[in-house]
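The figures here come from the full heavy-atom set of this structure, side chains too, leaving out hydrogens, waters and symmetry mates. Order of the sequence lines fixes the chain letters, A, B, ..., with proteins taken first and strands second; residue numbering starts at 1 for each chain.
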Amino acid sequence: MKLVIGIVRPEKANDVLEALYRAQVRGVSMSRVQGHGGELERVETYRGTTVKMGLAEKVRFEIAVSDDFVQPTVDALCEGARTGAVGDGKIFVLPLDQAVRIRTGETDHGAVTPVDK
Amino acid sequence: VSVVALLAAVPQVDTGDTAWMLVATALVLMMTPALGLFYAGLVRSKNTLNTFMMCIAAIAVAMVTWALVGYSLAFDGTSSLIGGLDYVGLHGVDFAPREGTTIPHLVFMAFQATFCIITVALVSGAVVERMRFSAFLVFAALWSVLVYAVLAHWAFGGGWLAAGGTLDFAGGVPVEMASGFSALAAALVVGTRKDYGRQALLPHNAVYVLLGAGLLWFGWFGFNGGSGFSTGNNSVLAFTNTLLTPACSLVTWFVLDLIRGRKVTAIGAATAIIVGCVLITPAGGYISPGWAMALGFLGALPCYAMIVWRPRTRVDETLDVLAAHGIAGFTGILFIGFVAQIGWNGVSDGLFYGNAAQLGDQALAALAAPVYAFLATFVLLKLIGAVMPLRASEHEEALGMDVVQHGEEAYVTGEGAILVVPEDGGGAPVPVADPG
């Protein structure tokens, strides 16, 4: 069981979601974050004030998956988020100690497996 | 006695009419930033400023072209196709009353300028979220002269439609049908947005949309109420009808929304206000308040149908200018031909009151204006596109037009922003992480 964290461009977030759904990965959280990797700063001007935007808008996906799903999830993130230019983002895979589905009390594998209605 | 008769024959400026027209002009100018707000709410947040700026740009560009040449081509002389050049650079446009009115020529010109401005801004709704700003500026300058001024001459300036008896109170021809059918042409030439039809591209702020619609309605009282150039009966009628028709369109829209989705939507309501105002624009001073209400109830139907149908096509006419302005203007122009009443307008009856010829005159305008607007805009954009790229690259479109075209964001937080200190500004520059 792993927690996959993907930090991607906001304009690629929809493509990532599409790729995840195609890979049958359905339990996803996403949030808007600001971060700085290797990309060049954007220069913006507001009246007389010119600033370098050191932090870029990113979208952070958090996906808890069973071991079989780690590689498909990572592949989907790469496929959906890649443009080839600096700033495409990062993927981190972390070990996950425990997962609990609040509604049923199921733990671990049962908790990260989507329910089919 | 002869002196008195002579004085009576000389056209006089009326102070009351002039006072109202000064206010009406300001009201109509306000409609363009209001449209900017309305449009900005309908696009994604990364395109907020660019969308708003297209409307602001219309004020800059169209006001200048109007003063230089547009006004003259629209309102100098009564030749059938295009006006003359006597008023180029506003030469001879002064305090004397404009022919056929009791207001100074300058006020008349200013009032008509605000119409040209908002019409240019309306067309931008077809191409937001992907058209390059500089290409839009060039398009706006040429369109305001080659399309707006020509159609304004036909309908308002004594051109062939006006001379032939077409009734168009406040701009069904040059404003509503011109912008709507030009928008269709512009959407076809500029092309669809990158993710159109594949991903949901949703409005980002419905409150802007409602507020923009409300301000547009407020401004429309100057637009329609001022188009009689006086405080006379036609103006009073148009003013009051501008209250009635959109309210009735709202009712129709609520019912259709309820039938279709079991919920009344806010963006639908904002759209209904615009549709109602457009419907009554050509007809305002010509039809009775009762028929104005009927126009609001009935005229909303084809516009609603178009707004439901258009997104299912491959035509990314993004903000539905064709439905809200083209179709509504078309409907309003034709409606006059059925229900005009000489008892209300002092000019002509429609088909229901025994004058079938009026419907013919209206149908002619409803055919000619869309054809000219569509073809002229299509050719114009093809020509501009041959000289410069019309749209941003896919990458730029993905980033958003605000950052790419303007170097600004609508909802900037300032977090992580590092001040760029001018070289002689004293103090060491703040170190910036260099991945180098």
Side-chain angles (χ1 to χ4, degrees), chain A residues 6-23 25-26 28 30-61 76-92, chain B residues 43-50 52-53 56 129-130 133 193-202 204 392-436:
Chain A
I7 298 174
V8 307
R9 296 176 187 275
E11 64 265 27
K12 299 301 280 182
N14 276 326
D15 294 328
V16 170
L17 279 173
E18 267 185 42
L20 287 171
Y21 288 138
R22 271 204 300 275
V25 178
R26 277 178 283 171
V28 173
M30 62 180 273
S31 48
R32 291 192 162 264
V33 296
Q34 296 202 306
H36 188 281
E39 67 267 54
L40 294 171
E41 289 86 1
R42 293 189 315 282
V43 174
E44 300 185 1
T45 302
Y46 296 88
R47 291 200 163 169
T49 306
T50 301
V51 292
K52 279 185 183 172
M53 306 308 274
L55 297 181
E57 287 271 339
K58 297 287 171 192
V59 167
R60 174 187 163 113
F61 284 90
L77 279 164
C78 283
E79 179 204 326
R82 183 177 291 139
T83 70
V86 178
D88 277 354
K90 297 274 193 303
I91 297 170
F92 307 115
Chain B
V43 298
R44 289 168 291 171
S45 58
K46 62 186 175 182
N47 298 310
T48 309
L49 295 177
N50 179 249
F52 210 134
M53 279 293 285
I56 302 297
E129 300 202 296
R130 75 279 205 193
F133 192 63
R193 286 167 293 170
K194 159 171 101 66
D195 295 322
Y196 176 74
R198 212 174 63 81
Q199 289 177 356
L201 310 173
L202 300 180
H204 89 281
S393 69
E394 280 206 353
H395 171 65
E396 291 173 329
E397 205 185 313
L399 276 176
M401 304 297 277
D402 289 3
V403 165
V404 170
Q405 301 281 308
H406 305 285
E408 293 169 287
E409 294 166 80
Y411 306 102
V412 66
T413 60
E415 285 161 21
I418 297 158
L419 192 61
V420 176
V421 182
E423 298 223 342
D424 57 351
V430 179
V432 175
D434 180 2

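Every side chain to side chain contact (heavy atoms under 4.5 Å, CB included) that Leu20(A) has, sequence neighbours left out, goes to Val16(A), Val25(A), Val28(A), Phe61(A), Ile63(A), Thr73(A), Ala76(A).
Contact of Thr45(A) with chain B is made through the backbone alone, with heavy-atom distances under 4.5 Å. Contacts of Glu397(B) with chain A are absent, with no heavy-atom separation under 4.5 Å from either backbone or side chain.
Considering NZ of Lys194(B) and OG of Ser393(B), their distance stands at 10.0 Å, rounded to 0.5 Å.
Side-chain N/O atoms of Asp15(A) and Gln199(B) include a donor and acceptor closer than 3.5 Å.
When the candidates Lys46(B), Arg198(B), His395(B) are compared by the number of heavy-atom contacts under 4.5 Å with chain A, Arg198(B) comes out ahead.
Environment of CD in Gln34(A): crowded, with over 12 heavy atoms of neighbouring residues, nucleotides or ligands closer than 6.0 Å.
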